[in-house]
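These notes concern the structure reproduced below.
Reckoned from all heavy atoms, side chains included, excluding hydrogens, waters and symmetry mates. Numbered from 1 within each chain, the chains take letters A, B, ... in sequence-line order.
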Amino acid sequence: MAEEKSKAMNVSLEATAKAAADTRAVAEFRNVSRIYRMGDNEVHALDDVSCRFNAGDYWAIMGSSGSGKSTMLNLLGCIDRPTNGEYYVSGTAVSTLNDDDLSELRGRHIGFIFQSFNLIPQLNVLENILVPRFYLEDPGIGLVERARDIAERVGLGSRTDHRPRELSGGQQQRVAIARALINDPSLLLADEATGNLDTQTTEEILELFDELHSDGMTILLVTHEEEVGKRAEQVMRLKDGAIESVAYNRPTIQR
Amino acid sequence: MIKNPFLRTFSLGVKSLLLHKLRSGLTTLGMLFGVASVVAMLAIGEGASKEAQDQIKQLGSNNIILRSVKPLEESNSNQSTRVSVYGLTDGDFARIVDTYPWAEDVVPVRILQQEVRFGERSLNPRVLATTAKYQSVTGRPMLEGRFLTESDEETVSNVCVLDYEIARYLFPFRSPINERIKIGADYFLVVGVMLPRVPIGEANQAAPGEEVTGEVILPASTGRKWFGDMQVKIRAGSRDMEQVDLHEIIVGVDSSENVPAAAAAAREMLDRTHRERDYEIVVPLELLLREQATKRIFKIVLASIAGISLLVGGIGIMNVMLATVTERTREIGVRRALGAKKRHIVMQFLVETIVLSVGGGVLGIALGLTIPEVVAAYTDMQPVVTPAAPILAFAISVGTGLLFGMYPAWRAANMDPVEALRHE
Ligand SMILES: Nc1ncnc2c1ncn2[C@@H]1O[C@H](COP(=O)(O)OP(=O)(O)O)[C@@H](O)[C@H]1O
Ligand SMILES: [Mg+2]
């Protein structure tokens, strides 16, 4: 898959259905709906959405509050299941997986980054980074070195003994990014990852995303800030649970 | 970084509990007192029961003891001199010796009221006139010298054996062996001293005001020769005369299986030959069985109390764990999103609960083992700590943790990850 990442930049909604078997697709929705039932009311948080995200893509998913961005991200991250339709992760239909399989899939293929960092307060930086690793069936060896490398890479330096509350928001988000990267995911999902950060720190985190993207990481960024959305290569706009538009921010860089 | 998954979960549990030190501490206290009370009560109960059983065993569990009991007096007897004749007779003794094959030893005992004196020191102990078999039937060991023998009986010798306490009172600084003491009006050669025994039951308690307990034992034939059949008690303005053949007959039964049958036969025989109930029958084995039954009931009561206190401790733990789970809903959601399976979450919270309950349990065992020491030091009760008690208490605390941790852990594991992540 790594070889394919660099060329996987051209996606269009029309091509989605045809290219179903295309192995470059990291994630693909086919007629996905997510309906919340509240008493007699039905909320169509996502309504018959089809789209696909290829390896190496850098997407911003935008839309007003309540448009279904988080719902989409939860489905993409396999912490939620579609009410209707099918979701394929690297070619695997999610509906065929049981709860344990889904956990394993999340651990191996998906890196989550949250708005409020969501670090585990009783663990130090290094331990926080390694949390997803220890949920794998086989965590492997050399974990501490690996965690230190990643901490270094996201710009945490040597602050690996600190507890989360001893860190600034930007540093905490760096820990969260390191944690999302520890298992080498094929998809990095960020829900309003810069929503709690000041402009300066937001810029630093976005630069980090740029770096990760240029290293070939597939990134899906949910945001309602236009400034943030501009940093992605492609922008998907949602409205009332449906895709309103898909656009390129700048020409695809051929590498 | 801890490599072992269990140790890592354990360390995480401890870290999480330390986030709320006061709450975890108070929860542990609930468990601590529950377990401590179980261990301490077991030890005290065991000790109390052992004491009672030891006392009964000293009567001889293969023995049946027949005792003369003075029947209730008629209220209109106002004479200044009365003679009451009652109790076990020489005829009863002979019948038992002749009739019952399982009666291995049959020992007659007469209790004489006589002053015992050596030099300046005097006492009014129970003076027993009995036979050589008294020692084997009661199983009482000698401290020094010898017990009475058959030949003492045959030759009607003026010899006697002293209980340890009496010997010590009369001869504070030397051995009484081969000394002559005065019993009543005559002199007796001391031939032996017996080891002390714990005072037994209600029937032969020391008279009030009597400080020195114990007995002076002399041959039955000698007793009859010097002191006759009649005992005279002088009370204010009246003289009570009592004529009792034998105050006790101790029957040593050949095996404990025959004890119930022997007891029944003896009851039946005495019931037939005595017009009044001027006797009682003490069967130590029956007392022992009754004591064991009491102990069983005691244990059931104890188990219930222990169960309730542990239930309270367990509910306390469950309560705190449910609060913890609610409080850490978001952490659970995050962990699930990061790849934790349900069983990982179950393990995490279960381990936390068990750390609480076992932590409390271990401290409780320590306290529970200290309480019996304190009781032993400040009272004359002797609690007995059986090795099973701490092991049981430990197992119970693990069990409580598992039982009461199961539901909160299950609740945590079955949270919807999306909902959990949205939780504030
Ligand atoms: N658990 C839920 N129960 C009911 N309705 C929900 C739930 N989650 C989301 N919704 C609804 O689904 C719609 C989309 O929500 P969401 O995906 O969170 O929007 P966004 O992230 O774009 O603000 C909203 O109308 C919201 O009220
Ligand atoms: Mg949202």
Could you look at B/Leu421 and say if it's the side chain, the backbone, both or neither that has a heavy atom under 4.5 Å from chain A? side chain

Quick one: what part of A/Leu123 sits under 4.5 Å from any heavy atom of chain B, side chain, backbone, both or neither? side chain

Taking atom OH of A/Tyr88 as the centre, report whether more than 12 heavy atoms of other residues, nucleotides or ligands fall under 6.0 Å from it. yes

Side chain, backbone, both or neither: which part of A/Asn74 has a heavy atom under 4.5 Å from chain B? side chain

A/Arg179, part contacting chain B, at a heavy-atom distance under 4.5 Å: side chain

Exceeds 12 heavy-atom contacts within 6.0 angstrom, atom CZ of A/Arg159: no

Rounding to 0.5 Å, atoms NZ (B/Lys15) and CD (A/Glu127) come to a distance of 3.0 Å

May I ask you to check whether B/Arg422 and A/Ser70 show a side-chain donor-acceptor distance below 3.5 Å? no

Looking at B/Ala340 and A/Ser103, what are the two nearest heavy atoms and their distance? O-OG, 3.2 Å

Honestly, the part of A/Glu137 sitting under 4.5 Å from a heavy atom of chain B is side chain

Surrounding CD1 of A/Ile141 (heavy atoms of other residues, nucleotides or ligands, distance under 6.0 Å), is the total greater than 12? no

Please look at B/Arg335 and chain A and tell me whether the side chain, the backbone, both or neither of the residue comes under 4.5 angstrom of a heavy atom of that chain. both

Just verifying a value: how many Å separate A/Leu136 CG and B/Leu338 CG, rounded to the nearest 0.5 Å? 10.5 Å

Chain A contacts, top residue of B/Ser16, B/Gly333, B/Ser11 (heavy-atom pairs, under 4.5 Å): B/Ser16

Chain A contact via B/Arg336 - which portion, at a heavy-atom distance below 4.5 Å: both

Which of the residues B/Pro417, B/Ala337, B/Pro5 is involved in the greatest number of heavy-atom pairs with chain A at under 4.5 angstrom? B/Ala337

Heavy-atom distance under 4.5 Å to chain B: side chain of A/Ile120, backbone, both or neither? side chain

